[in-house]
J.: 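Starting off with a structure, shown below.
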Amino acid sequence: MKKIILASNSPRRRELLAGLGYDFEVRVMQGIDEGYPAGLSMEEIPQYIAKEKADAYEVGETEILLTADTVVVLDNEVLGKPKDVADASRMLHELSGRTHHVITGVCLTTTSMQRQFSVVTEVTFKPLTDREIEYYISNYQPFDKAGAYGIQEWIGYIGVTAIRGSYFNVMGLPVQRIYQELQQIE
């Protein structure tokens with residue numbers, strides 16, 4: 001199999017990809033625009049961003065480039081990464097007691113092909129108290145996470161009451177689908 005290049009700084013994505021047992025290398029390019037055009041469906045947004053990331057890289061003959069982007073969607077609004085404490089608090093209050101969708105778009109690129117797909121997971125939170133939200137933000141600093149939370153952290157332990165779909169997708173990498181797709185690439 002070709003060597004996998006993971007184009008992500010995320011320690012969670014590195015951990016999840018390593019769990020599949022593949023040999024891979026991390027390459028990160030700074031300054032890639034994560035904007036997207038208006039009019040895309042919620043599932044298309046992270047795919048579009050993953051493809052934009054992929055298009056910024058050069059891929060060698062023996063390599064498979066893996067790029068991904070994850071968004072949290074509540075009531076057809078994309079909740080990105082929070083700007084500050086107030087923004088993180090606002091997002092968690094909005095998610096409190098409600099169900100939202102986590103969508104990860106993935107792009108696999110070689111010199112001869114490019115495959116894109118999205119995986120959607122539905123997540124429900126219990127009603128969160130102000131104290132729980134403040135505790136989580138001050139102790140876990142979720143400023144690098146879409147929707148201001150990591151399901152694998154304290155807030156996921158105490159707050160998530162239901163999940164439909166891939167848990168690992170919520171962490172940022174739908175490893176089940178990635179494994180399936182990689183099996184088809186020679």
Side-chain angles (χ1 to χ4, degrees), residues 6-17 26-57 66-107 116-125 128 130 132-160 163 165-175 178:
L6 175 63
S8 176
N9 239 350
S10 166
R12 291 164 300 283
R13 286 190 177 132
R14 284 194 298 264
E15 175 189 342
L16 290 170
L17 189 57
V26 174
R27 276 191 216 150
V28 180
M29 190 178 291
Q30 302 298 324
I32 298 173
D33 180 26
E34 294 192 11
Y36 53 89
L40 294 179
S41 73
M42 294 299 150
E43 287 187 24
E44 290 172 323
I45 291 169
Q47 268 188 44
Y48 177 88
I49 296 169
K51 183 182 183 322
E52 289 293 300
K53 290 177 182 179
D55 291 347
Y57 285 82
L66 190 162
T67 56
D69 191 73
T70 302
V71 296
V72 171
V73 178
L74 178 68
D75 296 334
N76 289 318
E77 177 192 348
V78 173
L79 301 180
K81 295 174 185 172
K83 296 178 283 241
D84 53 28
V85 170
D87 199 29
S89 179
R90 174 192 62 81
M91 288 182 191
L92 290 170
H93 276 96
E94 287 179 13
L95 294 171
S96 176
R98 302 186 63 202
T99 298
H100 63 278
H101 295 94
V102 178
I103 307 169
T104 301
V106 176
C107 187
Q116 301 169 59
F117 58 90
S118 292
V119 174
V120 181
T121 304
E122 189 177 272
V123 180
T124 303
F125 269 104
L128 299 166
D130 290 344
E132 289 166 338
I133 290 171
E134 290 168 17
Y135 173 84
Y136 176 66
I137 293 169
S138 65
N139 287 283
Y140 291 88
Q141 312 272 315
F143 307 114
D144 65 335
K145 295 172 177 67
Y149 80 93
I151 195 169
Q152 73 280 5
E153 296 175 338
W154 182 83
I155 200 83
Y157 298 167
I158 64 101
V160 173
I163 183 169
S166 170
Y167 172 83
F168 300 109
N169 184 53
V170 182
M171 285 180 64
L173 205 60
V175 289
I178 288 170

J.: What pairs with Ala54 under side chain to side chain contact (heavy atoms under 4.5 Å, CB included), at least two apart in sequence or on another chain?
T.: Leu65, Thr67, Cys107, Thr109, Gln114
J.: I'd like to check the side chain to side chain donor-acceptor pair (under 3.5 Å) partners of Ser118; sequence neighbours left out, ordered by chain and number.
T.: Gln47
J.: May I ask you to test the Pro46-Thr104 pair for a side-chain heavy-atom distance under 4.5 Å?
T.: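 Not touching, per the 4.5 Å side-chain cut-off.
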J.: Not counting sequence neighbours, which residues clear side chain to side chain contact (heavy atoms under 4.5 Å, CB included) with Val175? List them please.
T.: Leu16, Leu20, Phe168, Leu173
J.: Could you tell me which residues satisfy side chain to side chain donor-acceptor pair (under 3.5 Å) with Ser10, sequence neighbours excluded, listed by chain and number?
T.: none
J.: Applying salt bridge (Lys or Arg N to Asp or Glu O under 4.0 Å), name anything that partners Glu52, two or more places apart in sequence or on another chain.
T.: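 Scan of Glu52 (salt bridge (Lys or Arg N to Asp or Glu O under 4.0 Å), adjacent residues dropped) gives none.
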J.: Restricting to pairs with a member in residues 73-100, which pass ring-ring contact (aromatic ring centres under 6.0 Å, His included), not counting sequence neighbours?
T.: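 Passing the test, one end in residues 73-100: His100-Phe125, His100-Tyr149.
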J.: Would you find a donor on one side and an acceptor on the other, under 3.5 Å apart, between the side chain of Ser96 and the backbone of Leu128?
T.: yes
J.: Does anything in residues 132-144 form a salt bridge (Lys or Arg N to Asp or Glu O under 4.0 Å)? List the pairs, not counting sequence neighbours.
T.: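 Sorted result for residues 132-144: Arg12-Asp144, Lys126-Glu132.
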J.: Apply side chain to side chain donor-acceptor pair (under 3.5 Å) to Glu153 and list each qualifying residue two or more places apart in sequence or on a separate chain.
T.: Tyr136, Lys145
J.: Checking Glu44 now: which residues fulfil side chain to side chain donor-acceptor pair (under 3.5 Å) with it, not counting sequence neighbours?
T.: Ser41
J.: Can Arg14 and Leu6 be said to form a side-chain contact (heavy atoms from CB on, under 4.5 Å), step by step?
T.: CA-CA 8 Å; Arg14 284 194 298 264; Leu6 175 63; 3.8 Å; yes
J.: Please identify each residue that fulfils salt bridge (Lys or Arg N to Asp or Glu O under 4.0 Å) with Arg13, with sequence neighbours left out.
T.: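 For Arg13, no residue satisfies salt bridge (Lys or Arg N to Asp or Glu O under 4.0 Å) once neighbours in sequence are set aside.
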J.: Taking the side chain as every heavy atom from C-beta outward, state whether Pro174 and Ile178 have any atom pair closer than 4.5 Å.
T.: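 Yes. Closest side-chain heavy atoms under 4.5 Å.
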J.: Any salt bridge (Lys or Arg N to Asp or Glu O under 4.0 Å) involving residues 68-81? Give me the pairs, sequence neighbours left out, ordered by first then second residue.
T.: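 Counting only pairs at least two positions apart or across chains, the salt bridge (Lys or Arg N to Asp or Glu O under 4.0 Å) contacts touching residues 68-81 are Lys53-Asp69, Asp75-Arg98.
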J.: Please round to the nearest 0.5 Å and tell me the distance separating atom CG of Asp130 and atom CG of Leu92.
T.: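 Reported to 0.5 Å precision, the distance equals 11.0 Å.
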J.: Could you list the residues that satisfy ring-ring contact (aromatic ring centres under 6.0 Å, His included) with Phe143, not counting sequence neighbours?
T.: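 Phe143: no ring-ring contact (aromatic ring centres under 6.0 Å, His included) contacts found.
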